[in-house]
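Report on one structure; see the data block that follows.
Within every chain, numbering begins at 1; the chains are lettered A, B, ... in the order of the sequence lines, protein sequences first and strands thereafter.
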Number of protein chains: 2
Amino acid sequence: MDRIKNIACFSKLDDEQLEKLKKISVIKKYNAKEILFYEGDMPKYLYVLLKGMLKVYKTNFKGQQIFLHQFYPGGLVAELANFENIPYPATAEFTSDSEVLRIDYAALEKDFFKNPDISMEIIKSLIAKHKILIDVIQKEVILTADAKIAKFILENSELFDTLKNTQIASILNITPETLSRTLSKFKTSSIITMDEQHNVVILDKTKLEEMLSL
Amino acid sequence: MDRIKNIACFSKLDDEQLEKLKKISVIKKYNAKEILFYEGDMPKYLYVLLKGMLKVYKTNFKGQQIFLHQFYPGGLVAELANFENIPYPATAEFTSDSEVLRIDYAALEKDFFKNPDISMEIIKSLIAKHKILIDVIQKEVILTADAKIAKFILENSELFDTLKNTQIASILNITPETLSRTLSKFKTSSIITMDEQHNVVILDKTKLEEMLSL
DNA sequence: AAAATACATTGACTTATGTCAATACTTTTT
DNA sequence: AAAAAGTATTGACATAAGTCAATGTATTTT
């Protein structure tokens with residue numbers, strides 16, 4: 001299909017290689033809230049998200065979800081587990097109706113890994129994951145709740161009008177109560193204000209930035 | 001030098017390539033407590049630890065070190081920052097007198113990246129890092145202090161006679177007080193006991209294992 | 001062996017964030 | 001427009017782990 005050609009990580013394949021890839025892969029549709037794989041499952045396939053959204057999370061001792069990452073179309077899903085043939089370290093759940101390209105990993109490895117373009121793509125994808133994980137550590141271990149929220153405002157202030165506060169809280173792995181309390185605190189200290197459309201307006205960028213480092 | 005040949009990630013290079021590598025690299029010696037690079041520095045070199053130990057940590061808002069990883073001889077240090085030409089996301093400090101092979105990264109990229117063996121080694125090293133980071137997340141975000149300690153006892157009980165409790169606490173990113181209190185708790189519930197040589201003896205393995213999942 | 005230093009334990013207190021419940025807004029459905 | 005359902009805010013309280021200080025126990029230095 002043409003769709004495969006448009007996926008970043010396969011864009012450099014020639015027609016013959018695309019033909020091969022087609023033979024070892026299949027498009028699957030999922031509804032929102034369906035699970036692609038659970039933490040602990042053994043991987044058999046490599047997935048590329050074609051349409052929709054997929055969130056990846058771990059579950060802590062209290063059964064709460066610790067949000068790790070959200071995949072968007074084009075994303076190459078979960079190579080680590082594939083490479084190492086170890087169980088998935090996290091659970092992947094669709095957050096909207098989605099389509100994935102499901103590729104037989106063993107066949108892929110056999111046919112494509114000598115291709116330097118493909119291995120370069122794999123390196124890139126691993127590096128991207130690596131960044132995500134470092135960010136998770138930064139967010140979860142280094143930053144306080146206030147700092148997480150300050151960072152989110154600086155980097156994603158536009159999301160406040162599209163996402164509900166509960167959704168933002170879950171991305172930040174804090175409770176909606178904490179988010180609400182911190183936002184009020186920021187408002188009374190005139191660091192931010194909220195306009196009529198539930199948009200955040202930053203009044204004191206410097207103070208927000210200080211929270212990240214101090 | 002012969003030493004390069006013995007490093008896992010360069011073991012497949014032929015003599016000509018080793019000659020090239022020699023030209024773009026140099027061996028540097030460091031003492032314990034010296035810093036190889038600080039969080040925020042821009043990377044110029046790729047390092048391979050030849051001798052000694054190197055710990056990598058981030059610093060949180062209170063100036064405390066969050067231990068991420070310890071490198072041992074043969075370890076390829078910090079490729080992410082190199083690849084992406086972004087600042088180092090953590091600080092690296094030698095914990096014993098050490099030697100590193102310092103390789104000019106730009107030259108390495110130019111001469112060696114077409115080599116599929118090298119790119120495979122890079123993939124392996126990235127995957128290893130990836131695992132470490134997932135472990136850090138597991139340890140820091142998912143587990144409680146009790147669970148961290150239970151895990152450490154299960155996986156590294158022999159370290160209790162070689163390391164001081166302050167060192168163990170710092171690896172687990174908890175305070176020595178918390179470690180001490182939890183160990184006493186485990187002792188009074190007859191989960192572990194301590195023999196004369198400060199060795200941990202596990203009395204109830206099942207209970208320790210339960211703490212990890214529950 | 002005594003003194004000095006480093007390390008470990010314990011208790012009282014602090015702090016950040018989560019929990020639960022009540023109430024107040026918004027948005028959607030009827 | 002009224003009712004219902006979904007979100008957001010607020011308060012009182014709980015909890016895990018850190019902090020600080022005092023004391024006890026090892027280890028190293030003299």
Check nucleotides 24-27 of chain D against the protein and report each pair of N or O atoms closer than 3.5 Å, with its distance, or say if there are none.
none

task = Return yes when atom NZ of A:Lys205 has more than 12 non-hydrogen atoms of other residues, nucleotides or ligands closer than 6.0 Å, and no otherwise.
result = no

note = Taken to the nearest whole Å, CD1/A:Ile66 to C1'/C:dT17 is 13 Å

request  = Check whether any side-chain nitrogen or oxygen of A:Thr178 sits under 4.0 Å from OP1 or OP2 of C:dG18, and answer yes or no.
outcome  = yes

request  = Let me know the distance between CG of A:Asp146 and P of C:dT15, rounded to the nearest Å.
outcome  = 15 Å

ask   = How about A:Lys29: does its NZ atom have over 12 heavy atoms from other parts shown lying under 6.0 Å from it?
value = no

ask   = Does some side-chain heavy atom of A:Tyr88 sit less than 4.5 Å from a side-chain heavy atom of A:Asp41?
value = yes

task = Working to the nearest 0.5 Å, report the span between CD of A:Glu93 and CD1 of A:Ile35.
result = 4.0 Å

ask   = Residues two or more places apart in sequence or in another chain: which of them pass side-chain hydrogen bond (donor to acceptor under 3.5 Å, both in side chains) with A:Tyr30?
value = none

ask   = Do the side chains of A:His130 and B:Leu126 get nearer than 4.5 Å, heavy atoms only?
value = yes

request  = Mark yes or no for whether A:Thr182, through its side chain, and A:Leu179, through its backbone, hold a donor-acceptor pair below 3.5 Å.
outcome  = no

inquiry  = Measure NZ/A:Lys185 against P/D:dG11 and give the value in whole Å, please.
reply    = 15 Å

inquiry  = OP1 or OP2 of C:dG18 versus the side-chain N and O atoms of A:Thr175: is any pair under 4.0 Å?
reply    = yes

inquiry  = When you compare the side chain of B:Ser98 with that of B:Leu49, does any pair of heavy atoms fall below 4.5 Å?
reply    = yes

Which atom pairs link the protein and nucleotides 6-9 of chain C when you take only N or O atoms and keep those under 3.5 Å?
{"from": "C:dA8", "atom 1": "OP1", "to": "B:Asn165", "atom 2": "N", "distance (Å)": "2.8"}
{"from": "C:dA8", "atom 1": "OP2", "to": "B:Thr166", "atom 2": "N", "distance (Å)": "3.2"}
{"from": "C:dT9", "atom 1": "OP2", "to": "B:Asn165", "atom 2": "ND2", "distance (Å)": "3.4"}
{"from": "C:dT9", "atom 1": "OP2", "to": "B:Ser180", "atom 2": "OG", "distance (Å)": "3.2"}
{"from": "C:dT9", "atom 1": "O5'", "to": "B:Ser180", "atom 2": "OG", "distance (Å)": "3.4"}

